[in-house]
Amino acid sequence: MTLRRLARPITLVLLTAVVLYPLVWMFGSSFKAQSEVLNNMSIFPDEWTPANYTAGWTNFDVSFGRFFVNSALVAGLTVVANCVSCLLAAYAFARLKFRLRGFWFAIMIGTLLLPGHVLIVPQFVMFKTFGWVGGDWPYAPLIVPQLLATEAFFVFLMVQFMRGVPRELDEAATIDGCTPYGVFRHVILPLSRPALVSTAIFSFIWTWNDFFRQLVYLSDLEKYTAPVALTLFIDSSGQSSWGPMFAMSVLSLAPVFLFFVAFQRMLVEGINTSGLKG
């Protein structure tokens with residue numbers, strides 16, 4: 001009986017160690033010298049080199065802090081855009097009656113089957129035609145589409161949540177004289193906080209870690225985000241500044257880790273109340 005009780009926590013500890021080992025190794029390698037990174041496979045360096053953080057921060061003509069600001073700008077605006085647009089679209093699908101509602105909802109869900117990389121070329125051509133690529137504000141291709149509720153997963157999440165809200169509340173608000181906008185403002189919006197928090201957390205994490213789309217649309221060094229800037233540690237000959245690169249990678253993970261820890265409970269609550277439980 002005692003062995004059975006210990007089996008589960010021991011298994012969880014071992015699985016946690018396997019999952020966290022790459023992160024711990026990267027943190028230890030951020031303090032290793034250039035020659036030691038590939039020769040010393042242990043977590044702890046033989047000689048601690050905290051100068052990697054200073055070197056990585058000031059390695060380019062632009063401070064790495066600038067890349068953090070750019071990432072925060074893109075991620076913050078994307079969070080706001082996704083929350084607003086997806087909430088409005090979800091309210092229409094979940095509560096309003098209009099022609100072919102089921103058909104359009106099925107089409108929206110069908111877009112989840114399309115790999116994002118398939119859309120890169122047509123989107124690039126379209127944004128190039130609009131003059132957004134290489135323009136005065138190169139973040140437009142990354143942010144403006146989010147204002148049109150293009151993230152079907154978040155719309156679906158919110159629709160599932162709103163379907164769990166009793167329609168009697170809508171009817172009561174309508175009897176009190178509320179228009180559909182009033183029902184949204186006074187009933188649906190206040191009750192949608194868990195779904196909004198889940199959308200905000202996922203949007204922030206996915207956008208902060210996004211590399212491919214940002215690499216496609218950002219060409220000016222001063223406009224680079226943190227994931228794209230990490231590639232600058234590899235020069236044209238394939239040589240890498242391993243220590244500074246790992247140091248900046250650790251700093252780049254810190255906002256995501258802190259954001260997740262701060263809103264972890266709200267994230268679980270939002271998923272549970274949105275009908276997406278396993």
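Residues take their numbers from the sequence shown, with the count starting at 1.
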*asked:* Here's a test for you: under ring-ring contact (aromatic ring centres under 6.0 Å, His included), which of F60, F67, F246 qualifies with F233?
replied: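 Option passing the ring-ring contact (aromatic ring centres under 6.0 Å, His included) with F233: F60.
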
What pairs of residues pass the side-chain hydrogen bond (donor to acceptor under 3.5 Å, both in side chains) test when at least one of them lies in [range], not counting sequence neighbours?
{"range": "residues 51-62", "value": "S30-Y53, W57-S63"}
{"range": "residues 88-97", "value": "R95-D170"}
{"range": "residues 98-114", "value": "none"}
{"range": "residues 246-258", "value": "none"}

Please check if [X] and [Y] belong to a single hydrophobic cluster, counting links between Ile, Leu, Val, Met, Phe, Trp and Tyr side chain heavy atoms closer than 4.5 Å.
{"X": "F204", "Y": "L147", "value": "no"}
{"X": "F98", "Y": "F156", "value": "yes"}
{"X": "F130", "Y": "V121", "value": "no"}
{"X": "V69", "Y": "Y217", "value": "no"}
{"X": "L215", "Y": "V62", "value": "yes"}

*Calculate, to the nearest 0.5 Å, the distance between atoms CG and OG1 belonging to L142 and T207 respectively.*
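Here the interatomic distance stands at 9.0 Å.
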
*With rounding to the nearest 0.5 Å, note down the distance linking CG in L88 to CD1 in I188.*
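Here the interatomic distance stands at 12.0 Å.
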
Nearest atoms (heavy-atom pairs only) where [X] meets [Y]:
{"X": "P141", "Y": "F127", "answer": "CB-CD1, 3.5 Å"}
{"X": "T78", "Y": "V74", "answer": "OG1-O, 2.7 Å"}
{"X": "N39", "Y": "S35", "answer": "ND2-O, 2.6 Å"}
{"X": "L112", "Y": "A152", "answer": "CD2-CB, 3.7 Å"}
{"X": "S203", "Y": "N82", "answer": "OG-ND2, 3.1 Å"}
{"X": "A149", "Y": "S85", "answer": "N-OG, 3.3 Å"}

*Close side-chain approach of E151 to T199, heavy-atom, < 4.5 Å*: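 Answer no - side chains too far apart.
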
Among residues at least two apart in sequence or on other chains, which ones pass side chain to side chain contact (heavy atoms under 4.5 Å, CB included) with [X]?
{"X": "P166", "result": "E168, L169"}
{"X": "I10", "result": "L6, L14"}
{"X": "P227", "result": "S71, F211, Q214, T225"}
{"X": "V80", "result": "V84"}

*Classify the ring geometry between F153 and F202 as parallel (under 30°), tilted (30 to 60°) or perpendicular (over 60°).*
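Perpendicular, since the angle between the ring planes exceeds 60°.
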
_side chain to side chain contact (heavy atoms under 4.5 Å, CB included), that's the test. Do M248 and L251 meet it? Break it down for me._
CA-CA 5 Å; M248 294 302 100; L251 294 183; 3.5 Å; yes

*Within residues 204-227 or reaching into it, pairs that qualify as salt bridge (charged side-chain N to carboxylate O under 4.0 Å, His left out) - sequence neighbours excluded*: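 Checked against salt bridge (charged side-chain N to carboxylate O under 4.0 Å, His left out) - neighbours excluded - the pairs reaching residues 204-227 are D210-R213.
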
*Results of salt bridge (Lys or Arg N to Asp or Glu O under 4.0 Å) for R66 - residues two or more places apart only*: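 By the salt bridge (Lys or Arg N to Asp or Glu O under 4.0 Å) rule, R66 matches no residue at all.
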
*Answer yes if the ring centres of F64 and Y224 are under 6.0 angstrom apart, and no otherwise.*
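No - the distance between ring centres of F64 and Y224 does not fall below the 6.0 Å cut-off.
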
*So with a 6.0 Å cut-off around OH of Y181, is the heavy-atom count from everything else above 12?*
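At most 12 heavy atoms, drawn from other residues, nucleotides or ligands, come within 6.0 Å of this atom.
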
*asked:* Using a 6.0 Å cut-off, check whether atom CZ of R163 has over 12 heavy atoms from anything other than its own residue.
replied: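 It does: R163 CZ has more than 12 such atoms within range.
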
*Check whether any side-chain N or O of Q34 sits under 3.5 Å from a backbone N or O of W242 as a donor-acceptor pair, and report yes or no.*
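The answer is yes, because a donor-acceptor pair under 3.5 Å joins these two groups.
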
*Please lay out, stage by stage, how F68 and W208 fare under the test side chain to side chain contact (heavy atoms under 4.5 Å, CB included).*
CA-CA 10 Å; F68 274 96; W208 186 276; 3.7 Å; yes

Show me the side-chain donor-acceptor pairs of residues 41-51 shorter than 3.5 Å, one per line, residues at least two apart or across chains.
residue, atom, partner, partner atom, Å
S42, OG, N40, OD1, 2.6
S42, OG, N40, ND2, 3.4
S42, OG, F44, O, 2.9
T49, OG1, F31, O, 3.4
T49, OG1, E47, O, 3.4

*List in chain and number order the residues that pass ring pair (Phe, Tyr, Trp, His ring centres under 6.0 Å) with F93, two or more places apart in sequence or in another chain; answer none if no residue qualifies.*
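If we apply the ring pair (Phe, Tyr, Trp, His ring centres under 6.0 Å) test to F93, skipping adjacent residues, the hits are F105.
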
